[in-house]
Asks: 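Can you keep this structure in mind? I'll have questions shortly.
Sequence lines set the chain letters: A, B, ... in the order given, protein chains first and strands last, and positions in each chain run from 1.
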Amino acid sequence: MLSRSAERLYWLARYLERTENTARLLSVYMNLMFDMPMDVQVSWRNLLTIFGAENAFLKLYDVPNEQNTMRFLLTDTANPGSLFSSLNAARENIRTSREIMPDEAWQQVNEMYLFAKENVNNATNRRGRVLILTEILRGCQRFTGFMSGAMSHDDALRFIRIGRAIERADMTTRILDIATVLLADDRSDKTRQYENTMWMNVLKSLSALLMYRKHRRHRINSGDVLDFLLKDPDFPRSVRYCVKDAEVYIKRLPRSEGLIDNLVVLAESLIAVDIYSIDPLQLHHFLDEIQSSLAVTHNQIASTWFLSST
Amino acid sequence: MASLWNEYAVSEAYDEMRCSKNLARASADRLSNYLDSLDGNALDVRKTAAEMAIMEMGITFTVYSDEGNIDRAWPFDIIPRIIENKEWQNVAVGLKQRLKALNCFINDVYNEQLFIKEGLIPESIITSSTNFLQECVGMNPKYGAWANICGSDLVRDKDGTLYVLEDNLRVPSGVSYMIENRVITKKVFPELLQDLDVLPVDDYPVNLYEMLSSIAPEHVESPRIAVLTPGIFNSAYFEHAFLAQQIGAELVEGADLVVQDDDCVYMRTINGLEKVDVIYRRIDDRFLDPEVFNKDSMLGVKGLIRAWKKGNVSLANSPGSGVADDKVVYAYVPEMIRFYLNEEPLLPNVPTFLCSEPDQLDYVLTHLEELVVKPANESGGYGMLVGPHATKNEIEGFRKVIKSNPRNYIGQPTLALSTCPTLCNNHLEPRHIDLRPFILQGESSFVTAGGLTRVALKKGSLVVNSSQGGGSKDTWIINTGK
């Protein structure tokens with residue numbers, strides 16, 4: 001396979017996963033906000049923090065209220081991290097990979113894009129947003145489902161799987177980072193009362209609620225949720241699972257000698273960490289380290305296989 | 001019930017579907033009646049369905065504009081154009097004949113130059129052609145086929161005669177739209193296609209693949225084929241990707257390829273470098289190789305011509321083929337057919353006045369109001385004058401342009417391009433059309449069943465180019481009378 005094609009498929013998968021995760025996060029956050037009593041201090045600003053986009057936001061908007069935050073993260077193509085921007089990028093990557101992908105794969109992404117474009121004006125109200133997010137989530141899942149039934153398990157699919165795994169791991173750490181905000185020592189008593197609601201929503205945002213209940217059997221609490229989403233070996237959105245996934249597919253590609261070493265170290269550190277005993281600040285640093293380590297692997301992948309690095 | 005055709009105003013041009021308002025051509029009888037069974041609104045529903053399909057399939061072409069490049073949905077008219085198979089078979093033979101003669105001519109120009117020595121064409125026309133490439137002298141591509149892929153433009157005049165308007169031998173485009181148009185028609189008029197005996201068009205990719213395999217360098221068992229595109233911003237990128245996918249070739253850009261010290265072409269893959277044997281290039285000659293041509297070309301591959309001359313890679317079309325894709329050289333094609341093939345041309349040329357010849361120049365300059373004047377080397381309908389549609393100022397401006405460089409211009413009578421019913425605001429109106437069939441020549445020859453019908457969507461307009469407001473139609477080669 002051409003280096004150029006490998007690169008586009010990898011980015012296609014990353015952008016599509018980012019699109020899906022953004023949709024998840026936005027819809028769950030909206031639900032969370034509806035659950036919260038008016039006087040609990042959970043602001044829309046937290047969403048910007050998760051995306052690491054506070055500065056970018058302030059360049060385009062002044063007040064981080066619901067309307068502005070949602071527009072910025074959902075439809076604003078001036079924000080390269082918005083859902084629509086990710087979807088555009090995914091579409092551009094698959095549009096330029098049509099010679100290696102089944103037609104239907106392109107058509108699914110294209111339909112999603114057309115849908116988003118058509119409904120951009122509906123995103124100004126909550127109902128419209130719920131509809132858009134639901135449709136985007138469905139579209140992403142249709143795509144994933146279609147691919148698993150139509151793509152041979154060859155190098156092309158491997159690059160897609162690797163891109164997806166790395167993006168997913170990264171996004172899970174970002175979602176968990178919300179905990180470091182919510183668990184801060186100076187949080188109000190009122191906020192503490194609603195902690196479980198928040199954790200439940202974190203699980204929901206990763207479609208993890210049922211699996212958590214099945215496998216943990218505890219009532220929802222911060223330690224168990226963090227442990228499940230970081231360290232569970234079997235849940236497909238846990239960081240450990242994604243790291244393993246990336247490792248498996250990297251190993252099967254040509255010229256991959258030495259490329260999994262970084263991931264092996266990362267997996268070991270995940271297994272070793274005792275999540276129940278670390279404080280919010282340590283957690284924040286740990287999540288940061290995971291993100292840096294994923295970036296290292298990304299760079300190794302790029303310099304080994306991609307055209308832009310040769 | 002009032003017939004859809006009552007308001008259909010057949011003009012003096014030949015209409016492909018109707019002899020008159022009240023009478024359908026025999027080949028289009030069933031289609032005519034079928035359309036009449038739908039009312040304007042029902043047709044509009046089909047039209048919307050077609051537009052949806054085009055958007056969802058992502059059939060686009062790129063338009064360059066000041067605000068950047070925009071991907072436009074492919075403009076498609078749902079009413080098909082019909083040609084009787086009996087007529088088409090003769091056209092197909094004529095097209096193969098033509099391409100064969102053109103290839104003989106190109107090979108001759110770069111080798112013995114008998115055509116010039118016999119005095120059949122002035123040498124100056126060749127030496128002054130911007131498409132004549134000195135680097136290609138002495139080359140001898142497999143089967144003598146320089147231009148492996150040709151898109152010839154056919155137009156039908158008042159009396160029903162099909163003329164060859166030009167032969168595109170460089171990087172003709174449109175074949176992907178021909179195939180996709182049929183896919184859309186199948187969605188829009190499924191019931192109709194089932195009842196009629198229409199030749200399929202989707203065998204083109206198979207034949208393209210066979211042709212490209214056949215021209216691979218000697219001793220290559222299963223050649224690796226690549227389609228070389230200028231990149232995602234090119235107006236025909238959709239087609240490049242489409243064809244690569246259809247024939248199972250790699251779609252590469254210049255940066256994906258490298259010529260090593262062994263003068264072989266390799267592509268950069270995740271396994272490292274892999275050898276490429278045949279390149280269907282969709283980049284113009286001048287940008288192919290910065291080592292030989294345009295030094296600033298970012299699109300090409302350094303050393304590609306070197307590899308080609310060594311016989312390590314085959315290029316389709318061969319560099320230099322454009323020497324026969326020149327509207328002055330065009331005028332000599334009938335003579336080429338007689339000279340090289342010893343046959344009479346089966347398809348007529350449009351009468352052509354060469355401004356390089358003083359007496360013909362005089363005629364052109366005194367008849368600008370009635371002629372179409374074209375530059376010898378432009379494509380896409382740019383830089384031409386349509387006399388009957390031009391203002392006085394435009395004509396005077398063009399007069400100066402022609403005088404300053406007569407070699408670069410030809411004049412032709414303005415043909416009354418044939419018309420075909422086209423859906424305009426819920427009813428049918430005649431619009432002018434042409435036809436671009438695609439001809440392949442490698443070890444053997446192949447002609448598409450029909451081709452891409454282009455339609456000038458603006459009332460009265462003769463300009464069919466998609467870059468200038470043209471659209472397209474599905475073309476049906478149909479068997480009638482069993």
Asks: Identify which part of A/Leu2 has an atom lying under 4.5 Å from any heavy atom of chain B, answering side chain, backbone, both or neither.
Replies: both
Asks: Could you give the distance from NE2 (B/His240) to CZ (A/Arg98), rounded to the nearest 0.5 Å?
Replies: 13.5 Å
Asks: When rounded to the nearest 0.5 angstrom, what is the spacing between CE in B/Met55 and CD in A/Glu118?
Replies: 8.0 Å
Asks: Sort out for me which of B/Gly58, B/Ala244, B/Ala226 touches chain A most, counting heavy-atom pairs under 4.5 Å.
Replies: B/Gly58
Asks: To the closest 0.5 Å, what do you measure between CG (A/Asp103) and CZ (B/Phe242)?
Replies: 8.0 Å
Asks: Measure A/Glu104 against the heavy atoms of chain B and call it side chain, backbone, both or neither at under 4.5 Å.
Replies: neither
Asks: Would you compute the distance between atom CD1 of B/Ile270 and atom CD1 of A/Ile301 and round it to the nearest 0.5 angstrom?
Replies: 12.0 Å
Asks: Taking atom OH as the centre, does B/Tyr209 end up with more than 12 heavy-atom neighbours from other residues, nucleotides or ligands that are less than 6.0 angstrom away?
Replies: no
Asks: More than 12 heavy atoms of other residues, nucleotides or ligands under 6.0 Å from OH of A/Tyr61: is that the case?
Replies: yes
Asks: Heavy-atom distances under 4.5 Å only: say whether A/Leu253 touches chain B with side chain, backbone, both or neither.
Replies: side chain
Asks: More than 12 non-hydrogen atoms from neighbouring residues, nucleotides or ligands closer than 6.0 Å to NZ on A/Lys59, yes or no?
Replies: no
Asks: Taking every non-hydrogen pair under 4.5 Å, which of B/Met57, B/Met267, B/Gln246 racks up the most with chain A?
Replies: B/Met57
Asks: For B/Asn271 versus A/Met1, what's the shortest heavy-atom pair and its separation?
Replies: ND2-N, 4.5 Å
Asks: Can you tell me which residue among B/Ile247, B/Leu243, B/Leu251 is in a side chain to side chain contact (heavy atoms under 4.5 Å, CB included) with A/Glu99?
Replies: B/Leu251
Asks: Side chain, backbone, both or neither: which part of A/Phe159 has a heavy atom under 4.5 Å from chain B?
Replies: side chain
Asks: How close do A/Asn110 and B/Glu56 get, counting heavy atoms only, and between which atoms?
Replies: ND2-O, 3.2 Å
Asks: Which atoms of B/Glu253 are under 4.5 Å from chain A, going by heavy atoms: the side chain, the backbone, both sets, or neither?
Replies: both
Asks: Counting only heavy atoms closer than 4.5 Å, note whether A/Arg255 contacts chain B via side chain, backbone, both or neither.
Replies: side chain
Asks: Is it true that, when you exclude B/Lys275 itself, more than 12 heavy atoms of the residues, nucleotides or ligands shown sit nearer than 6.0 Å to its NZ?
Replies: yes
Asks: Could you tell me which portion of B/Phe238 (side chain, backbone, both or neither) has an atom closer than 4.5 angstrom to a non-hydrogen atom of chain A?
Replies: side chain
Asks: Got a donor-acceptor contact below 3.5 angstrom from the B/Thr269 side chain to the A/Ser3 backbone?
Replies: no
Asks: So what's closer than 4.5 Å to chain B heavy atoms on A/Asp155: side chain, backbone, both or neither?
Replies: side chain
